[in-house]
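Heavy atoms only: backbone and side chains are in, while hydrogens, waters and symmetry mates are out.
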Amino acid sequence: ISSNGKEYLISFDKLGLLKIASLKFPEIDEKAIKEFIGYCKKNGYIYQIISFEEMNFLKNYYDGFTNVIDLTSPKFQKGIRCNIKKAIKENVEIRKLETWEEWEKQNEIHNSLLERKEISFQEKERLDMYKKLYKLNNKNTVLYGAFHNNKMIAGTLIAYTKEYGLFFKSATLKDYYSLAPGPLIIKKICDNETKRFKYLDMNIGIEGKYKTSEDVLRIITFKKRFGHEKKIYIYSPKWYLKVKRIKKDIKNG
């Protein structure tokens, strides 16, 4: 919370030895933004501010993009609409998850996805993460689950603040992808959550256009079938932006 009462959500990440503090889609208030930058410098974080709006009082940024759904008039591509119809035909049911037992089940489904992708993780850390997210249920997070024959087969977690929701965590059990539960979950969120947020960012990744791995590109292609593409401004220290541009140029040959 800033000195003038502005409330923001900050996410923290590590890139090797670097610590990064990200502020996503903040209300553009110069005093509060500069306080956040001062906080980062004081605590040894690289600041990263992601915004749909250009901030004239900050000069160092680079362009990104994401796909955003307007919940009041969602526009899904034909393939997504077909997946939604298929899930309904297969009697997939969607509901918002309120109990810790349901959230814990989502953690288990998510862990099974990481295991299939051979991504290492610590079970205790994963469980602690979901416990912290659960404490924010109906405040800054909502979780929707998909069920088939009363069995939970998929879940999608949304983190939200102000008028923006963020597609945050999502996973489906291995044997149930053919039922296409994911798109139906997104549709239900659009139907039910208009009072919490107006837009849903599909979280392609602010540097999505620079991704090259086949698996990530497949995910980006899927997410781009929801909503419409929107430009993002990514503000960071000048030296950090230069390093990222050099890395991009090396990767692109």
Side-chain angles (χ1 to χ4, degrees), residues 9-15 20-26 46-55 61-84 110 113-114 117 119 133 140-144 154-172 177 180-190 193 196-236 240-241 244-245 247-248 251-252:
L9 286 178
I10 305 172
S11 62
F12 297 92
D13 199 5
K14 283 187 177 182
L15 185 62
I20 302 169
S22 296
L23 191 62
K24 292 190 176 182
F25 314 124
I46 298 170
Y47 70 84
Q48 187 168 249
I49 305 168
I50 299 104
S51 175
F52 290 127
E53 303 172 61
E54 189 171 1
M55 301 183 206
Y61 72 88
Y62 64 103
D63 294 335
F65 79 99
T66 188
N67 268 49
V68 174
I69 304 172
D70 183 339
L71 270 62
T72 60
S73 57
K75 294 179 173 61
F76 303 141
Q77 290 186 14
K78 183 178 179 181
I80 297 301
R81 297 197 303 271
C82 290
N83 284 343
I84 291 170
H110 201 169
L113 172 63
L114 297 180
K117 291 188 174 184
I119 299 173
L133 292 168
N140 294 113
T141 61
V142 290
L143 175 62
Y144 276 72
T156 296
L157 175 65
I158 305 297
Y160 66 91
T161 181
K162 298 194 300 125
E163 60 181 10
Y164 284 99
L166 178 69
F167 187 96
F168 192 49
K169 305 287 183 184
S170 188
T172 300
Y177 280 101
L184 184 57
I185 292 177
I186 296 299
K187 181 183 184 305
K188 290 296 183 180
I189 290 172
C190 291
E193 297 299 336
R196 297 188 201 271
F197 45 89
K198 184 178 179 182
Y199 303 102
L200 177 59
D201 171 18
M202 287 302 293
N203 198 12
I204 284 175
I206 56 176
E207 298 174 326
K209 59 186 172 184
Y210 305 128
K211 304 297 184 183
T212 56
S213 77
E214 184 176 335
D215 189 43
V216 172
L217 287 175
R218 179 181 57 78
I219 294 171
I220 289 175
T221 299
F222 175 73
K223 289 184 175 182
K224 288 178 73 172
R225 295 172 182 163
F226 297 84
H228 63 278
E229 188 171 308
K230 193 163 185 176
K231 179 179 178 179
I232 289 176
Y233 297 92
I234 303 130
Y235 294 87
S236 270
Y240 182 63
L241 296 182
K244 292 184 74 65
R245 289 191 180 105
K247 287 180 65 178
K248 184 190 74 172
K251 183 179 287 187
N252 293 338

Participant: Can you tell me how far apart OH (Tyr47) and OG (Ser236) are? Round to the nearest 0.5 Å.
Facilitator: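 Result: 6.5 Å between the selected atoms.
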Participant: With sequence neighbours excluded, what pairs up with Tyr160 under the side-chain contact (heavy atoms from CB on, under 4.5 Å) test?
Facilitator: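 Result, side-chain contact (heavy atoms from CB on, under 4.5 Å) vs Tyr160: Val142, Arg196, Phe197.
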Participant: At their closest point, which heavy atom of Ile50 faces which heavy atom of Ser22, and how far apart are they?
Facilitator: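 Scanning both residues completely, I find the closest heavy atoms to be CD1-CB, 4.3 Å.
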Participant: Under 3.5 Å, side-chain donor or acceptor atoms of residues 224-232 against the rest of the protein: list the pairs with distances, not counting sequence neighbours.
Facilitator:
unit_1: His228; atom_1: ND1; unit_2: Val68; atom_2: O; d: 3.3

Participant: Does Phe168 have any ring-ring contact (aromatic ring centres under 6.0 Å, His included) partners at least two apart in sequence or in another chain, and if so, which?
Facilitator: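 Partners of Phe168 by the ring-ring contact (aromatic ring centres under 6.0 Å, His included) criterion come out as none, since no residue qualifies.
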Participant: Applying salt bridge (Lys or Arg N to Asp or Glu O under 4.0 Å), can you list everything that pairs with Lys78, at least two apart in sequence or on another chain?
Facilitator: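 Here no residue qualifies.
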Participant: If you apply the rule side-chain contact (heavy atoms from CB on, under 4.5 Å), what do you find for Tyr61 with Glu54, and how did you get there?
Facilitator: CA-CA 9 Å; Tyr61 72 88; Glu54 189 171 1; 3.8 Å; yes
Participant: Mind checking what makes side-chain contact (heavy atoms from CB on, under 4.5 Å) contact with Lys75, not counting sequence neighbours?
Facilitator: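 With neighbours one apart ignored, the set is Ser73.
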Participant: Show the nearest heavy-atom pair for residues Phe222 and Ile80, with the distance to one decimal.
Facilitator: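 Smallest heavy-atom distance, with atoms named: CE1-CD1, 3.7 Å.
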Participant: For the residue pair Thr66 and Ile204, what are the closest heavy atoms and their distance?
Facilitator: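 It is OG1-N, 3.7 Å.
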Participant: Does Lys187 have any salt bridge (Lys or Arg N to Asp or Glu O under 4.0 Å) partners at least two apart in sequence or in another chain, and if so, which?
Facilitator: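 Salt bridge (Lys or Arg N to Asp or Glu O under 4.0 Å) list for Lys187, sorted by chain: Asp191.
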Participant: Between Thr172 and Tyr177 (side chain of the first, backbone of the second, donor and acceptor by atom type, cut-off under 3.5 Å), is there such a pair?
Facilitator: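 Checking the backbone N and O of Tyr177 against the side chain of Thr172, no donor-acceptor pair under 3.5 Å is found.
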